[in-house]
A.B. asks: 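Sharing a structure, written as structure tokens. Questions coming.
Both ligands and their constituent atoms are indexed starting at 1 by order of listing.
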Amino acid sequence: MRITKICCIGAGYVGGPTMSVIAQKCPDIKVTVVDLNVKRINDWNDSNTNNIPIYEPGLSEIVAETRNRNLFFSTDVEKAIDEAELIFISVNTPTKTYGSGKGMAADLKYIELCARQIAQVSKTNKIIVEKSTLPVRTAEAIKSILDSTGNGVKFQILSNPEFLAEGTAVADLLNPDRVLIGGEDSLEGRAAMQSLVDIYANWVPKEQILTTNVWSSELSKLVANAFLAQRVSSINAMSILCEKTGADVNEVSKAIGMDKRIGSKFLQSSVGFGGSCFQKDILNLVYIAKSYGLTEVAEYWEQVIIMNDYQKTRFASNIVKTLYNTVADKKITFLGWAFKKDTNDTRESAAIYIADNLLFEQAKIAVYDPKVNEKQILSDLNYLDSRSSQENEKGITVFTEPYEALKDTHAIAVLTEWDEFKCYDWAKIYDSMKKPAFIFDGRNLLDGKQLEKIGFIYYQIGVGN
Ligand SMILES: NC(=O)c1ccc[n+]([C@@H]2O[C@H](COP(=O)([O-])OP(=O)(O)OC[C@H]3O[C@@H](n4cnc5c(N)ncnc54)[C@H](O)[C@@H]3O)[C@@H](O)[C@H]2O)c1
């Protein structure tokens, strides 16, 4: 079946960029992205595409080209479902915060709501595509809900997990390592898979479009994230050993990364991984393993999270220790709040947890991030529920100008690897700092040798990173 109308439920970090690229590459397909969040949809429809709600390099240009041509953003979920031949479900699947599986399992309430709404609204046969990251065998539950309508409408469920990385989402979508599509091994299942393959084949070479069974596809996404996060925790574990032994973790990582079997990517020590996916997907994997009674498997992967948490706490306590065991009323400047560069996403950012730790020590934190505003920073801290919002407001000052944030500060913590930080006038910054001045490069961004040459900045190599 040739698809002419697509609906995507969820206009977030995945739904927005993914559908923008599909609309650009498939001008004959009408793509409607819907969301319950009215503000988010209004922002996607902002006449100035620089104000769209998600910052990703290259995204606003694609939206400017396609919006209201064949890409539409709307809150009319029912209409878009009714019209579409193929529906992507791209809603959030956070870690459960209640009931059984609390703190581990994926919360599937948003997915189930989508399935129920699709079942209720649909009058014609449809292909339903799981774009969200889901526990293995979720398609079974979705199918059971959809098949219970009794109105004769037929649904095919596909799994098509998204492998884009935030910060490089557009480049990843335009040139993916692979596109993975899982479907049922039946005549109808294979036909549905082919319809989706045909969409991607507009720009992705056929040999990079993999088709598998649904369960392999669902599980592969969790496994991919677990492996990536595991590399970060592995090198971070080594950074601790390096500090004790006098080895330099950057040199170690370069030396081992040159081995083609190991490879150099995701091998840089850091303050720990953040973002909405790694932690939640590993927790989900751990939960699934536990639910099958696979204790050893669960414990093995759980260690990746434990190491990540340890690295963040260690980074914060290193700051306190270095500043003579007290940071009370000392200004400490954070460069960066987003969990990585080139995104405005702050979910699970290490900066939140470092700030939380330092606020317990009564530090005065100044923050500058080129893409994250004060409202977001305060809401991230308030979400932790460690202290009242008034106390958070007293402890944090957010700046829109970096040199103001850095003036009179006792220490700087580089927590996002924004390129612009590398171009700052570090000699000028040093002059404006309280002495002795300290810098903690949590993202391994600044050139340690260069800073050493300047001669007055304490550079904590390998710490947290
Ligand atoms: N962010 C990433 O880098 C990334 C990468 C790959 C996969 N994923 C997965 O993709 C999924 C979406 O992630 P995200 O980062 O885009 O989340 P997000 O929170 O940015 O966006 C999800 C959107 O879905 C909307 N929504 C929820 N229920 C709805 C409903 N019933 N009807 C209409 N809209 C609804 C929410 O309002 C929200 O705007 C998750 O499962 C995530 O694990 C994320």
A.B. asks: Return yes if some donor-acceptor pair links the side-chain N/O of Ser239 with the main-chain N/O of Val249 below 3.5 Å, else return no.
C.D. replies: no
A.B. asks: In terms of side-chain geometry, is the basic nitrogen of Glu417 or Lys341 positioned less than 4.0 Å from the acidic oxygen of its partner?
C.D. replies: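 The answer is no: the pair does not qualify as a salt bridge.
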A.B. asks: Does NZ or CZ of Arg387 fall inside the cone over Phe360's six-membered ring, less than 6.0 Å from its centre and within 45° of the axis?
C.D. replies: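 Relative to the ring axis of Phe360, which defines the angle, Arg387 lies inside both limits.
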A.B. asks: For a distance cut-off of 3.5 Å, show me each N or O of ligand 1 paired with any protein N or O, plus the separation.
C.D. replies:
unit_1   : atom_1 : unit_2 : atom_2 : d
ligand 1 : 1 (N)  : Glu166 : OE2    : 2.6
ligand 1 : 3 (O)  : Glu166 : OE2    : 3.0
ligand 1 : 15 (O) : Arg347 : NH1    : 3.4
ligand 1 : 15 (O) : Arg347 : NH2    : 2.8
ligand 1 : 16 (O) : Tyr13  : N      : 3.0
ligand 1 : 16 (O) : Val14  : N      : 2.9
ligand 1 : 20 (O) : Tyr13  : N      : 3.2
ligand 1 : 20 (O) : Arg40  : NH1    : 3.2
ligand 1 : 20 (O) : Arg40  : NH2    : 3.4
ligand 1 : 21 (O) : Arg40  : NH1    : 3.4
ligand 1 : 34 (N) : Leu36  : N      : 3.4
ligand 1 : 37 (O) : Asp35  : OD1    : 2.6
ligand 1 : 39 (O) : Asp35  : OD1    : 3.3
ligand 1 : 39 (O) : Asp35  : OD2    : 2.6
ligand 1 : 39 (O) : Arg40  : NH1    : 2.7
ligand 1 : 41 (O) : Thr93  : OG1    : 2.6
ligand 1 : 41 (O) : Thr133 : N      : 2.9
ligand 1 : 43 (O) : Thr133 : OG1    : 3.4
ligand 1 : 43 (O) : Lys280 : NZ     : 2.6

A.B. asks: Can you tell me if Asp35 uses its side chain to pair, donor with acceptor, with the backbone of Ile41 under 3.5 Å?
C.D. replies: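 Here the side-chain-to-backbone pair does not exist.
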A.B. asks: Which pairs, with at least one residue in residues 61-100 and sequence neighbours excluded, count as a ring-ring contact (aromatic ring centres under 6.0 Å, His included)?
C.D. replies: Trp44-Phe73
A.B. asks: Look at Glu348 together with Lys280 and state whether they make a salt bridge at an N to O cut-off of under 4.0 Å.
C.D. replies: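 No, no charged N to carboxylate O under 4.0 Å.
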